[in-house]
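All residue numbers in this chain count up from 1 along the given sequence.
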Amino acid sequence: MTRTADIIVIGGGIAGASAAAEIAADGAKVLLLEMERQPGYHATGRSAAMYEPIEGPALVCALTRASGPFLESPPAGFAEASLLSPRGVLMLGYAGDEARLAAAEQAGFAVVDMAFARARLPIVKSAGVIAVLWDGLAQDIDVDALHAGRLRVLRRAGGTVITDSAVRRGQRVDGIWRLETAAGHYEAPIVVAAAGAWSDLVAQSCGVRPVGLQPKRRSAAILAGPTGMAVQHWPEILPADIGFYCKPMGGKLMLSPAEEDPMEPHDAWADDLRLAEAAERLEATLEMRVSRLERTWGGLRTFAPDGLPVVGFDPEVDGFFWLAGQGGYGIQTSPALSRVAAALVAGKAIPDDMVGAGIDARRMSPARFR
Ligand SMILES: Cc1cc2nc3c(=O)[nH]c(=O)nc-3n(C[C@H](O)[C@H](O)[C@H](O)COP(=O)(O)OP(=O)(O)OC[C@H]3O[C@@H](n4cnc5c(N)ncnc54)[C@H](O)[C@@H]3O)c2cc1C
């Protein structure tokens, strides 16, 4: 049996779930196909859950800022409270970091001092520190609530989520895409490729040329904070060379070596050696010992060649829409990107408030790679 829809979204991470919910809210019949048993199993479920509006290329910052109002005050019925909570990022600079510190200041970090740092993170070491910077706009995102809220809104709007349904092949016949998946056949005039690290592969399986996406692995671990210390209100700590970062998560600490190792799309796992190096650097930065990593994981951050998202209809193949290449910013930009995607899928101009926020859809078009 073949199921039909107006729009099929491929991929149930934050990108696909958010776009599917926005498109369904416009009245379209939406099917969301997810290859895993659980949507959110890949990059979305493995992030650092940060909202950092002064981090990344200017267009990404604009998308993040434009996403702020949704995350701060989600619509009625979506979530009970704000999806953001205060965090802040403390950047420490050492000899040799001068250019990096200047760039961070230019991006919006404020210059503070060790007393400011110690008031927020009492065990920070001052040895060798030449400058301390502060990003007070950085917040934590409740990613689970955001993702679950999107799927709930999608279902309420009549959309359907089908898991264990990896798209294997797609063919467009007489203006309709026919998708063959592990769970059956599906048809719609438009498909949205929101398959994260796999988006180029999904395109190829539909006879569409890839845009050159590069997944890059990032490892992470959970460890206990120093005995007897409540860490939950500590800021994220980040050396200016971004050799690692560490932030509170679930009452413990999350540590990442912040690596960007190019990989093929796969179910990523952590690089233990890099985590050990990050633990050493953490010990050199804070008065604490890392005795054990309680849990480790890896995830893929997927970048287009110019580091900007890829959002829009493919110029060479009708009805194939890209929503990929969000890099390390896919959670914090998802409210804005999904509204832009929903407008473009419907053949409309992007919303006025997005234009006002400095978002130019042409800069995200896949046409730039053709
Ligand atoms: C360690 C780490 C830290 C991060 N920190 C942050 C952060 O602080 N803030 C932030 O905003 N972002 C962060 N990111 C980036 C963020 O996680 C990603 O940008 C975002 O999750 C991408 O969402 P996505 O939906 O595009 O991809 P994914 O979540 O990977 O979803 C893609 C989905 O497509 C499915 N799929 C693939 N192929 C097929 C197929 N053939 N058929 C059907 N389904 C398919 C997959 O199973 C997957 O569920 C971080 C990432 C990592 C790894």
Side-chain angles (χ1 to χ4, degrees), residues 13-14 36-52 55 83-92 117 120-125 135 138-148 196-197 215-239 241-261 263 266-301 327-332:
I14 197 62
E36 302 291 353
R37 181 144 302 164
Q38 212 184 325
Y41 173 78
H42 289 290
T44 296
R46 307 178 187 204
S47 87
M50 288 295 284
Y51 173 85
E52 294 175 293
E55 159 105 19
L83 297 166
L84 296 178
S85 51
R87 177 61 61 208
V89 175
L90 208 49
M91 179 180 280
L92 300 180
R120 281 155 187 79
L121 214 171
I123 60 167
V124 64
K125 291 181 180 173
D135 169 10
Q139 303 192 62
D140 273 3
I141 306 174
D142 186 339
V143 180
D144 288 346
L146 176 64
H147 189 232
K216 296 182 180 178
R217 190 211 34 230
R218 182 157 283 190
S219 307
I222 293 292
L223 52 117
T227 317
M229 291 194 117
V231 302
Q232 65 265 30
H233 299 303
W234 284 2
E236 175 178 314
I237 184 105
L238 177 74
D241 69 359
I242 320 202
F244 79 94
Y245 65 86
C246 178
K247 61 162 282 193
M249 191 176 264
K252 304 208 170 193
L253 295 174
M254 173 200 171
L255 173 68
S256 173
E259 84 275 33
E260 302 198 321
D261 294 343
M263 299 271 149
H266 72 294
D267 188 355
W269 63 89
D271 181 329
D272 292 340
L273 187 61
R274 285 187 181 274
L275 276 169
E277 287 163 2
E280 250 176 53
R281 285 203 62 181
L282 182 67
E283 288 180 338
T285 309
L286 303 183
E287 303 281 358
M288 69 175 277
R289 304 292 303 162
V290 178
S291 51
R292 192 169 72 87
L293 302 180
E294 294 182 4
R295 181 167 76 82
T296 68
W297 70 92
L300 300 176
R301 300 154 77 248
Y329 316 105
I331 313 287
Q332 64 187 29

* Asked: In this structure, are over 12 heavy atoms from other groups packed under 6.0 Å from His233 atom NE2?
  -> no

* Donor-acceptor pair between Gln139 and Ser85 side chains, under 3.5 angstrom -> no

* Check the pair Leu273 / Leu275 against side chain to side chain contact (heavy atoms under 4.5 Å, CB included), numbers first and verdict last. => CA-CA 5 Å; Leu273 187 61; Leu275 276 169; over 6 Å; no

* Is the shortest distance from a Lys or Arg side-chain nitrogen in Lys216 or Asp261 to a carboxylate oxygen in the other one below 4.0 Å? -> no

* When you check the gap from the basic side-chain N to the acidic O, do Asp135 and Arg87 get nearer than 4.0 Å? -> no

* **Residues which pass side chain to side chain donor-acceptor pair (under 3.5 Å) with Glu236, listed by chain and number, not counting sequence neighbours** => none

* **Non-neighbouring partners of Val231 that pass side chain to side chain contact (heavy atoms under 4.5 Å, CB included), sequence neighbours left out** => Pro226, Trp234, Leu253

* Step-by-step side chain to side chain contact (heavy atoms under 4.5 Å, CB included) determination, Leu286 to Leu121 -> CA-CA 9 Å; Leu286 303 183; Leu121 214 171; 3.8 Å; yes

* To do: Take Leu146 and Ile331, measure what side chain to side chain contact (heavy atoms under 4.5 Å, CB included) needs, and give me the verdict at the end.
  => CA-CA 9 Å; Leu146 176 64; Ile331 313 287; 4.0 Å; yes

* Asked: Does Arg37 have any side chain to side chain donor-acceptor pair (under 3.5 Å) partners at least two apart in sequence or in another chain, and if so, which?
  -> Asp164

* Partners of Arg281 by side chain to side chain contact (heavy atoms under 4.5 Å, CB included), sequence neighbours excluded? -> Pro239, Asp241, Phe244

* Can you list the residues that meet the side chain to side chain donor-acceptor pair (under 3.5 Å) rule with Thr285, with sequence neighbours excluded? -> none

* Structure fact -> Sorted by chain and number, sequence neighbours left out, side chain to side chain donor-acceptor pair (under 3.5 Å) with Lys252 holds for Glu294

* Which heavy atom of Tyr41 sits nearest a heavy atom of Arg46, and at what distance? -> O-NE, 2.9 Å

